[in-house]
Amino acid sequence: FQMTVGDVSQSVEVTAEVPLLNTENASRGEVVVTQEIMEMPLEGRDFNDLTFMVPGVARKAQGGSGSALNINGARSDNTNFLIDGFANNNVRGGGAQARPPIDALQEYKLQTNGYPAEYGRRAGGVMSMVLKSGTNQFHGTLFEFLRDDVFDARNFFDAEKSQLRRNQFGGTLHGPLMLPRLYNGRNRTFFLGSWESYRQTQGVNRLGRVPTELERAGDFSQTPETAGTGKIVSLKDPLGNAALPGNLIPASRVHAVSRNVLPFYPAPNLPAQVNNFRANRADTDHWDSFLGKIDHRLTGKDNLSGRYMRRNNNQGNPFGGSDTGLFGNRTPETLSLGGVTWTRLWSPALIHELRLGFARQVQNARSVQYGTDWNAQLGLPSPGNPEAYGFPRITVRDLVAIGNASEQPMKFTTSDLELGGALTLVRDRHIWKFGGDGIQMQFYQPSRNNMRGTFNFLGRWTNDPFADFLLGYLNNATRKASGADPQLISWMGGLFAQDDWRASRSLTLNLGLRYEVNLPMYDRRDRLANFVPEYGKIVIADRKSLPDMDQVIQQAGLAEKVGYASDYGLPRSLAVANRKMLAPRFGFAWRPWATNRM
C-alpha cells in the first residue's frame, strides 16, 4: 500500500463513544464517560449517584452498612470499588475508601454481573473509576455550587425556617508539567491537580419530652399515667410498696447522683404539649479533598504513573448522644489512597502492568464532653482511662436520653497495602490476560465504648420512670470495666487467567479461572480468644502474648476450660482458612446478524 499526504482540508477525527450494545463480552453494566459525568446534576457531587442509572442497581436499605448501593440483590458491603486498578474498599465498613472529585474522573465503569476473572473478592458488582491524565494542552475548571434557605420553604415541624448554608467549590487543572527554565514536560510528563471543598451549616430540630418543673421538684400530683388513661399516676414507695403521700418525693430522699444529674435536663419550652421540648441546633459539616496525578513517559515503551488523593472530613452531629442537643459529637476523619503503576509495552501484542499502592482511613469521633471525668463529678465510678472520659448515658423511659452515645469515643485506623499486576497478550483471535494481586489489611480500633456506663430507669419501682430516677432505683445498668486494643491483620490474594476468544465473526467466548485465598484476621499481639464448641473450651491464640496467663488460669481453677491454639493445631486467627476457592468464569457474546466468515 502507498499512503500519500492528505490535503490541508482533510482531517482525521478520533472520538470515544460507548456502543449502545455490548457485543464483545458477556459482562453486563454501564460505562459513563467524561461528558455525562460533568453534565449530570448530582446533589452533593457524589459519584455514587451516577450508579443508579444502571439497571440492577438500587439504594441500600435504610440503616444498612457498606456502600450506598445494592447490585443485583447483593449486600451493600459487597461492591468492589477500584480507582485506576487499585482496591478502594474500606475493610471496616465495606464502602468506598477514597472519593475522588468527579471533575478528576475520565470515566467509570460499573459491571453488575458477568465480569472477567481479574475481578474477585466480593459478590456484588465492580465499580472501576479511571482518573484523567494530562495532555500537551492546559485545561482547567473552576466551580461553586450554592444552596441557601432563602430559596426554601419552612419545614412543617419547624416554628420558623431552619438555617441552611451550603457552599461546594473547587477546581481542576491538567496539562504538561512545566518548570520554567528547569523542565519542559511536553510529550513526556503530564500532571493532574484537583481540589474540592464543602462547607455546610444546617439547622436541625428534635422534639421530645423533658421533666416538668413540678416533676423536677419531686411533685407528681399532675403527672398522667403513661398508659394514656387520663388518670394521674399513683406513686408507690419502693421501701414499703405503700403509696407516696400526695404523689410527692421528699427532697431528703432524692439520690445524690440524681441531684447532680438533674440540672443537665433542659427546662420545657413547649409547656402545653406532651412533647414539651424542642431543640434547634446548627449542624456544621465540612471537608476538603485534594488529588494529584503524574504520568511520565520513561522511554518509548515504559510509562510510569503515580497518584495520591486525600480527603479531610470534619462532620458534626449535635444530636449524636441526646435529643436535647447538648451531647453532640464531632468526627474528624482522613481518607487517602495512593499508588504507582508501571506499564511496559514489550511489543504491540504484549503489555505488562505492575502496581503498588495503599488505602487508609483514620477516624477519631469524640463527644463534645470528651476529656472531662464527668463520672467522678456526678458521683459515679470513674472509667479510669482518660481516653474514655465523658458524660455517662442515662435513659429514663418516655424522656429524652441525656449523656454521650455509649460507643463514644470511636477511634480506628484501617489500612490496605496492595501489590498486583497483569500481563496481556494478543494472539490471532485470542486476547489472553494473566495476573494476580495481594493485599494486606490492617484494622486497629481501641475499644473504649460504654466505660462510663449506661443507666436505665423504666418505672418498675414507683410506677413512674422519672420518679425511679429521682430515688436512684435503677432497672439495670451496664458498664465495661476496661477497654481493649485489637490490632487485626489479614491477607487476601488472587491469581487469574482470562481468554477472550473470537471464535467467529458472530461469536466471542469469555473463558476465565480465578483462584483466591482470604485469610481470617489475627491479632498482631496474639490476644484473640474464642469459645470452640468442638473442644468445649475457650481457646486463646498464643500463650507467649500473655506470659502470666498460665498462672492466672491455674489460680482461677480454669485449667479444664481454657486452652491455647497451638495445643489444638489452630492458627493465630483461631479459624481455618478455606484454600479451595476456585471461581471459573464463562460467558459469550453472540451476534446472530454477523456472517461466519473471518
Side-chain angles (χ1 to χ4, degrees), residues 210-211 216 238 249 251-266 316-332 362-397 399-413 444-458 460-461 465-487 523 525 527 529 545-546 548-549 552 555-556:
V210 296
R216 295 163 70 99
I249 296 178
S252 60
R253 293 190 59 179
V254 175
H255 197 279
V257 175
S258 302
R259 187 178 294 110
N260 293 333
V261 172
L262 193 59
F264 293 93
Y265 277 106
N317 183 358
F319 300 106
S322 167
D323 282 349
T324 63
L326 303 176
F327 301 91
N329 304 330
R330 295 300 305 179
T331 306
V362 180
Q363 187 182 106
N364 191 6
R366 297 178 177 180
S367 64
V368 295
Q369 285 80 19
Y370 178 81
T372 300
D373 190 358
W374 285 102
N375 284 57
Q377 297 187 24
L378 296 173
L380 293 169
S382 170
N385 189 330
E387 291 188 7
Y389 285 172
F391 206 96
R393 185 162 183 79
I394 298 171
T395 63
V396 179
R397 196 192 69 200
L399 300 182
V400 295
I402 61 173
N404 301 142
S406 60
E407 69 271 12
Q408 298 295 332
M410 182 176 291
K411 178 179 180 180
F412 65 84
T413 301
Y444 305 151
Q445 181 171 340
S447 176
R448 306 285 183 261
N449 60 306
N450 205 31
M451 290 183 64
R452 298 173 300 277
T454 300
F455 305 89
N456 303 311
F457 300 86
L458 298 181
R460 303 278 175 82
W461 298 90
F466 188 67
D468 282 8
F469 164 78
L470 291 179
L471 293 171
Y473 282 89
L474 285 158
N475 182 73
N476 67 293
T478 59
R479 177 174 175 265
K480 181 182 288 187
S482 63
D485 264 324
Q487 300 181 16
D523 184 74
R525 294 176 296 178
R527 295 194 173 191
S545 63
L546 303 167
D548 300 328
M549 183 56 68
V552 172
Q555 291 177 351

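What's counted below: heavy atoms across the whole structure, side chains too, no hydrogens, waters or symmetry copies. Given the structure is predicted, the values throughout are model-derived calculations rather than measurements.
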Measuring from [X]:[atom1] to [Y]:[atom2], what's the distance to the nearest 0.5 Å?
{"X": "S447", "Y": "E407", "atom1": "OG", "atom2": "CD", "result": "11.0 Å"}
{"X": "N364", "Y": "E387", "atom1": "CG", "atom2": "CD", "result": "8.5 Å"}
{"X": "S406", "Y": "K480", "atom1": "OG", "atom2": "NZ", "result": "9.5 Å"}
{"X": "D468", "Y": "R397", "atom1": "CG", "atom2": "CZ", "result": "9.0 Å"}
{"X": "W374", "Y": "S382", "atom1": "CH2", "atom2": "OG", "result": "13.5 Å"}
{"X": "N476", "Y": "L458", "atom1": "CG", "atom2": "CG", "result": "6.5 Å"}

Heavy-atom pair of closest approach, residues [X] and [Y]:
{"X": "L474", "Y": "W461", "answer": "O-NE1, 2.9 Å"}
{"X": "G390", "Y": "R452", "answer": "C-CD, 3.2 Å"}
{"X": "R448", "Y": "A484", "answer": "NH1-O, 3.2 Å"}
{"X": "Y389", "Y": "P383", "answer": "CD2-CG, 3.7 Å"}
{"X": "P211", "Y": "F466", "answer": "CG-CE1, 3.4 Å"}
{"X": "V210", "Y": "P266", "answer": "CG2-O, 3.5 Å"}

Qualifying residues under side chain to side chain donor-acceptor pair (under 3.5 Å), relative to R330, sequence neighbours excluded: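 Listed in chain order: T284, N314.
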Treating [X] as the side-chain partner and [Y] as the backbone partner, does any N or O pair qualify as donor plus acceptor under 3.5 Å?
{"X": "S258", "Y": "F469", "value": "yes"}
{"X": "D523", "Y": "Q487", "value": "yes"}
{"X": "S322", "Y": "A401", "value": "yes"}
{"X": "N456", "Y": "V396", "value": "no"}
{"X": "R527", "Y": "D485", "value": "no"}
{"X": "N404", "Y": "F391", "value": "yes"}
{"X": "R479", "Y": "F455", "value": "no"}
{"X": "Q369", "Y": "L326", "value": "yes"}

Does R259 CZ have over 12 foreign heavy atoms under 6.0 Å away?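 Yes, the 6.0 Å shell around CZ holds more than 12 heavy atoms from other groups.
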State whether the number of non-hydrogen atoms from other residues, nucleotides or ligands found under 6.0 Å of K411 atom NZ is greater than 12.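 Result for NZ/K411: open.
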Do [X] and [Y] have side chains that get closer than 4.5 Å, going by heavy atoms?
{"X": "Q408", "Y": "N329", "result": "yes"}
{"X": "T324", "Y": "I402", "result": "yes"}
{"X": "Q377", "Y": "N260", "result": "no"}

Evaluate the criterion side chain to side chain contact (heavy atoms under 4.5 Å, CB included) for residue pair L471 and V254; output intermediate values, then yes/no. CA-CA 5 Å; L471 293 171; V254 175; over 6 Å; no
For a side chain to side chain contact (heavy atoms under 4.5 Å, CB included) with N375, tell me which candidate from T372, D373, L378 qualifies.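 For N375, the side chain to side chain contact (heavy atoms under 4.5 Å, CB included) check succeeds only for D373.
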Apply side chain to side chain contact (heavy atoms under 4.5 Å, CB included) to N385 and M451, showing your working. CA-CA 9 Å; N385 189 330; M451 290 183 64; 4.2 Å; yes
Testing the 3.5 Å rule here: is there a donor-acceptor pair between the side chains of N317 and T331?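 No pair is found: no donor N or O on one side chain lies under 3.5 Å from an acceptor on the other.
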Taking the six-membered ring for Trp, are F327 and F319 closer than 6.0 Å centroid to centroid?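 No, they do not, as the ring centres are separated by 6.0 Å or more.
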